[in-house]
Amino acid sequence: FAHSPPDVGIVADFDALSSSVFESGRVDPLIREFYEHTSRFRLAITPEWRWWMRPAYRLFRATIARPIGQANAPFDQEEVQNGVVSWIDTIDMDGDGTVDFRAWVRAYETGEPLYIGIYTIQRIEGLSYVSVGFPLPSGNFTATLLPSNHRGTGLLLSSDSDAPFSGHYISAVEDDDALTTLQLVTFGEQIDVFVEHGQLKTEHRFYLGGTVFMTLHYDIERK
């Protein structure tokens with residue numbers, strides 16, 4: 001285990017995402033740098049909520065998200081006015097010098113966690129996916145996102161593709177140690193990463209039943 005090693009990214013090699021449906025070489029070099037050297041950058045978040053989702057999420061946040069330190073998204077700009085801190089911890093399971101897991105921790109300036117996602121690249125049947133696992137008590141929530149070219153030199157990571165394994169899954173360890181996994185078919189996610197006038201930006205959209213209920217707007221700049 002290494003806490004916040006220098007110059008680390010959420011992926012080791014951006015080209016590992018290349019496949020028949022995604023050309024990594026078309027993506028803006030600034031996006032590639034962000035993914036391979038994430039620790040060089042700082043993030044500013046502007047949340048945008050649909051009004052009908054706020055009451056349900058307020059209850060979810062108070063009873064589940066804050067106590068476990070996951071999915072603790074901000075309600076408004078005031079909560080993140082001082083910015084968001086982030087770092088990446090790494091795990092080398094077999095001590096061979098190659099990082100096996102990269103945990104991206106994002107937190108408010110107060111130290112309260114936003115969420116912790118463990119990033120890997122999974123290649124299945126000729127396609128590469130960004131797999132992000134969010135640890136839960138006795139379980140795990142996993143977002144499996146397919147990359148595609150978007151906005152010319154931009155990157156779109158989406159769970160709403162025709163690829164067979166993209167989507168969201170929740171797994172739990174039962175009392176008899178059996179593992180149960182369910183796919184959340186009504187939940188969707190898109191991470192739209194692009195460069196605008198030299199500024200790296202991201203629109204992180206969440207869907208329920210095909211309707212956007214929250215968008216996190218990120219402005220990303222070098223530290």
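Worth knowing before you read on, the calculation uses all heavy atoms, side chains too, and leaves out hydrogens, waters and symmetry mates. Note that the structure is predicted; figures quoted are calculated from it, not measured.
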Inset, instruction - Inspect the surroundings of CH2 in W51 and state if more than 12 heavy atoms from other residues, nucleotides or ligands are less than 6.0 Å away. - result: no
Inset, instruction - Tell me whether L59 is reachable from I68 by hopping between hydrophobic residues (I, L, V, M, F, W, Y) whose side-chain heavy atoms are closer than 4.5 Å. - result: no
Inset, instruction - Can you establish whether the number of heavy atoms outside D176 located under 6.0 Å from its atom CG is more than 12? - result: yes
Legend entry - Cation-pi, F75 ring and R58 (6.0 angstrom, 45 degrees): yes
Inset, instruction - Could you tell me whether the side chain of Y35 reaches within less than 4.5 Å of the side chain of L17, counting heavy atoms only? - result: no
Legend entry - Whether W87 side chain and P5 backbone form a donor-acceptor pair below 3.5 Å: no
Legend entry - Pairs where residues 208-223 contributes a residue and the test side chain to side chain donor-acceptor pair (under 3.5 Å) is met, not counting sequence neighbours: E33-R222, E48-H217, R106-Y218, K201-D219
Legend entry - Side chain to side chain, V132 and I118, heavy atoms closer than 4.5 Å: no
Inset, instruction - Give me the ring orientation class for F165 and Y129: parallel if the planes are under 30° apart, tilted from 30 to 60°, perpendicular past 60°. - result: perpendicular
Inset, instruction - Could you walk me through whether R66 and E112 pass salt bridge (charged side-chain N to carboxylate O under 4.0 Å, His left out), step by step? - result: CA-CA 8 Å; R66 271 185 162 156; E112 181 182 359; 2.7 Å; yes
Legend entry - Check: R102 side chain, G9 main-chain N or O, donor-acceptor pair, under 3.5 Å: yes
Legend entry - Path from V130 to Y207 over hydrophobic side-chain contacts below 4.5 Å: no
Legend entry - T144 OG1 to Y169 OH distance, which is reported to the nearest 0.5 Å: 5.5 Å
Inset, instruction - Return the orientation label for the F187 and F206 ring planes: parallel under 30°, perpendicular over 60°, tilted otherwise. - result: tilted
Legend entry - Criterion side chain to side chain contact (heavy atoms under 4.5 Å, CB included) on I170 and N140, from CA distance to verdict: CA-CA 6 Å; I170 190 164; N140 188 67; over 6 Å; no
Inset, instruction - On the 0 to 90° scale, with breaks at 30° and 60°, tag the F22-F14 ring pair as parallel, tilted or perpendicular. - result: perpendicular
Inset, instruction - Would you list the pairs meeting side chain to side chain donor-acceptor pair (under 3.5 Å) in which at least one residue belongs to residues 145-157, sequence neighbours left out? - result: R151-D192
Legend entry - Exercise: do S131 and Q122 side chains pair donor with acceptor under 3.5 Å: no
Inset, instruction - Using the side chain to side chain contact (heavy atoms under 4.5 Å, CB included) rule, take E109 and V84 through it: C-alpha gap first, then chi angles, then the decisive distance, then the call. - result: CA-CA 6 Å; E109 284 284 355; V84 171; over 6 Å; no
Legend entry - Heavy-atom check, side chain of E23 versus side chain of S18, under 4.5 Å: no
Legend entry - Side-chain donor-acceptor pair present, S128, R123, cut-off under 3.5 Å: yes
Legend entry - Y119 reachable from I191 in the ILVMFWY side-chain graph, under 4.5 Å edges: yes
Legend entry - side chain to side chain contact (heavy atoms under 4.5 Å, CB included) assessment of D100 paired with D94: CA-CA 9 Å; D100 296 299; D94 52 12; 4.0 Å; yes
Legend entry - Distance-only side-chain donor-acceptor flag, Q190 / H204, under 3.5 Å: no
Legend entry - Non-hydrogen atoms of S166 and S158 that approach each other most closely: CB-O, 4.1 Å
Inset, instruction - State, with a plain yes or no, whether a side-chain heavy atom of P113 is found less than 4.5 Å away from one of Y108. - result: no
Inset, instruction - Taking the side chain as every heavy atom from C-beta outward, state whether S4 and I88 have any atom pair closer than 4.5 Å. - result: no
Legend entry - Connected via hydrophobic side-chain network under 4.5 Å: L156 and V27: no
Legend entry - Whether S39 side chain and V8 backbone form a donor-acceptor pair below 3.5 Å: yes
Inset, instruction - Could you tell me whether D162 atom CG has more than 12 heavy atoms of other residues or ligands within 6.0 Å of it? - result: no
Legend entry - F213/Y57 under ring-ring contact (aromatic ring centres under 6.0 Å, His included): CA gap, chis, key distance, verdict: CA-CA 10 Å; F213 67 85; Y57 183 74; 8.1 Å; no
Inset, instruction - For T181 and S171, indicate whether the former's side chain and the latter's backbone hold a donor-acceptor pair under 3.5 Å. - result: no
Legend entry - CZ-OG1 distance between F194 and T202, expressed to the nearest 0.5 angstrom: 7.5 Å
Legend entry - For G152 against R26, the heavy-atom pair lying closest together: O-NH2, 3.8 Å
Inset, instruction - Determine whether V195 and I31 make a side-chain contact, defined as any pair of heavy atoms from C-beta on separated by less than 4.5 Å. - result: yes
Inset, instruction - Could you please spell out the steps behind the salt bridge (charged side-chain N to carboxylate O under 4.0 Å, His left out) verdict for E79 and R61? - result: CA-CA 14 Å; E79 285 194 290; R61 188 185 192 194; 2.9 Å; yes
Inset, instruction - Could you tell me which residues satisfy side chain to side chain donor-acceptor pair (under 3.5 Å) with R32, sequence neighbours excluded, listed by chain and number? - result: D15
Inset, instruction - Find out if a path of hydrophobic residues (ILVMFWY) with successive side-chain heavy-atom gaps under 4.5 Å connects V85 to L216. - result: no
Legend entry - Nearest-0.5 Å distance that lies between atom OG1 in T186 and atom NE2 in H168: 10.5 Å
Inset, instruction - Report yes if the side chains of F101 and T120 come closer than 4.5 Å at any heavy-atom pair, otherwise no. - result: yes
Legend entry - Atom pair CD1/CG of I220 and L30 - distance to nearest 0.5 Å: 8.5 Å
Legend entry - Nearest atoms (heavy-atom pairs only) where L114 meets P74: CD2-CD, 3.7 Å
Legend entry - Smallest separation among heavy atoms of A71 and Y115, with atom names: N-CB, 3.7 Å
Inset, instruction - Could you tell me whether the side chain of Q77 reaches within less than 4.5 Å of the side chain of P47, counting heavy atoms only? - result: yes
Inset, instruction - Any chance you could lay out the side chain to side chain contact (heavy atoms under 4.5 Å, CB included) test for V11 and I121, step after step, and finish with the verdict? - result: CA-CA 8 Å; V11 302; I121 294 176; 3.9 Å; yes
Legend entry - Nearest-0.5 Å distance that lies between atom CZ in F1 and atom CG in D92: 12.5 Å
Legend entry - Main-chain N/O of I10 paired to T38 side chain as donor or acceptor, under 3.5 Å: yes
Legend entry - Interatomic spacing from CG in L145 to CD in E189 - rounded to 0.5 Å: 5.0 Å
